[in-house]
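Note that these values count all heavy atoms, side chains included, but never hydrogens, waters or copies made by symmetry.
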Amino acid sequence: MKGGLMAALSENVLTVNMLLSAFFLPGIYANSCGSDKPLVFITTPKPTAALNGSCLNVPCSFTAAPGDAVFDSSKETRGAWIKDGNDIYNINNGVKTNLVNITGNLSQKNCTSLFSDIKTSQAGKYFLRIENGGYKATACSDPLQITVE
C-alpha cells in the first residue's frame with residue numbers, strides 16, 4: 001500500500017511539473033512569429049540602450065533562410081524596422097522612415113541602422129522586415145530591443 005501511495009504521489013508531482021513547464025518556460029519559445037516560421041534572423045548588440053535625444057548606431061547583420069522564395073543579393077532589397085504593435089508583416093504599413101535610417105547594404109545582408117534624436121517613446125521592440133523580389137520575411141523571432149533613458 002505504501003508503495004502504491006508513493007507511486008501515485010510521484011505521478012501527481014510529475015504531472016504538475018509537466019504542466020508548469022509547459023505554461024511557464026522562461027521565454028525560450030516566446031516570439032512574435034505566431035504560427036509563421038521565422039526566415040530572417042538578425043545579429044545585433046544586446047542589450048541596446050540610448051540616452052534621450054541622442055543618436056543610436058546599431059550594428060546589424062542578418063541571415064535569410066529560404067521560404068517560398070530565396071533571397072537573391074542581385075535583386076533590389078528593401079527593408080524597414082517596424083516597432084512592435086504595428087503590422088510587422090507589411091513593409092508599407094506602419095513604417096515611419098524618418099525615425100531610423102538603414103545605413104548598411106541590405107543586398108549584402110548588412111542592416112546596420114542609425115536612430116537619430118531618439119526619444120523615450122521609441123523604446124521597445126523592433127522587427128526587421130526584408131523584401132527582396134518575391135522574398136518577403138520578418139525577423140520575428142529575435143527583435144531588436146531598445147531602451148531609452
Side-chain angles (χ1 to χ4, degrees), residues 10-149:
S10 294
E11 185 177 335
N12 287 343
V13 168
L14 181 61
T15 302
V16 168
N17 189 27
M18 288 174 57
L19 288 172
L20 288 173
S21 294
F23 291 110
F24 298 108
L25 282 174
I28 63 172
Y29 296 112
N31 64 48
S32 297
C33 298
S35 62
D36 294 333
K37 178 182 175 187
L39 298 177
V40 173
F41 302 90
I42 61 171
T43 301
T44 58
K46 294 182 182 29
T48 305
L51 294 174
N52 189 41
S54 68
C55 292
L56 176 64
N57 188 47
V58 179
C60 175
S61 62
F62 68 90
T63 57
D68 292 335
V70 175
F71 183 90
D72 181 352
S73 62
S74 68
K75 293 183 179 177
E76 177 188 6
T77 304
R78 298 183 331 142
W81 287 103
I82 303 171
K83 191 169 181 201
D84 192 21
N86 290 326
D87 180 4
I88 66 170
Y89 297 101
N90 186 336
I91 203 167
N92 297 313
N93 290 340
V95 179
K96 295 180 182 173
T97 56
N98 60 335
L99 298 177
V100 61
N101 182 25
I102 298 175
T103 58
N105 183 341
L106 291 173
S107 294
Q108 298 304 311
K109 300 180 181 175
N110 181 342
C111 48
T112 297
S113 301
L114 179 65
F115 290 75
S116 300
D117 191 26
I118 198 162
K119 303 293 183 204
T120 55
S121 61
Q122 290 174 262
K125 292 179 184 177
Y126 287 82
F127 299 89
L128 180 66
R129 175 69 177 178
I130 296 294
E131 294 186 1
N132 169 270
Y135 186 87
K136 297 177 190 303
T138 304
C140 55
S141 64
D142 190 22
L144 168 65
Q145 177 72 49
I146 296 176
T147 58
V148 181
E149 299 172 7

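- Here the closest non-hydrogen pair linking Gly79 and Leu106 is N-CD1, 3.4 Å.
- Within 6.0 Å of NZ on Lys37 lie no more than 12 heavy atoms contributed by other residues, nucleotides or ligands.
- Of all non-hydrogen atoms in Ser107 and Ser73, the two that sit nearest each other are O-CB, 3.2 Å.
- If you take CZ on Phe127 and OG on Ser141, they are separated by 9.5 Å, rounding to the nearest 0.5 Å.
- Contacts of Asp72 classified as salt bridge (Lys or Arg N to Asp or Glu O under 4.0 Å), with partners at least two apart in sequence or in another chain: none.
- A donor atom on one side chain and an acceptor atom on the other are not found under 3.5 Å apart for Thr77 and Lys75.
- To the nearest 0.5 angstrom, Phe62 atom CZ is 11.0 Å from Thr43 atom OG1.
- The closest donor-acceptor contact from the side chain of Thr147 to the backbone of Gln145 lies at 3.5 Å or more, if one exists at all.
- A heavy-atom distance below 4.5 Å is not found between the side chains of Glu76 and Glu131.
- What you find for Arg129 and Ile82 is that their closest heavy atoms are CB-CD1, 3.8 Å.
- Atom CG of residue Leu39 and atom OG1 of residue Thr138 lie 9.0 Å apart, to the nearest 0.5 angstrom.
- Between Leu128 and Leu144, the closest side-chain pair of non-hydrogen atoms is not below 4.5 Å.
- Of all non-hydrogen atoms in Ala139 and Ile42, the two that sit nearest each other are CB-CG2, 3.8 Å.
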If you look only at distance, which donor and acceptor atoms sit under 3.5 Å apart when one is on a side chain in residues 49-61 and the other is two or more places apart or in another chain?
| from | atom 1 | to | atom 2 | distance (Å) |
| --- | --- | --- | --- | --- |
| Asn52 | OD1 | Thr120 | N | 3.2 |
| Ser54 | OG | Leu51 | N | 3.3 |
| Ser54 | OG | Leu51 | O | 2.6 |

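- Across all non-hydrogen atoms, the minimal contact from Tyr135 to Gly67 is CE1-N, 4.4 Å.
- At distances below 3.5 Å, not a single donor-acceptor pair connects side-chain atoms of Lys125 with backbone N or O atoms of Asp142.
- Between Phe115 and Trp81, the two ring planes are tilted [angle within 30° to 60°].
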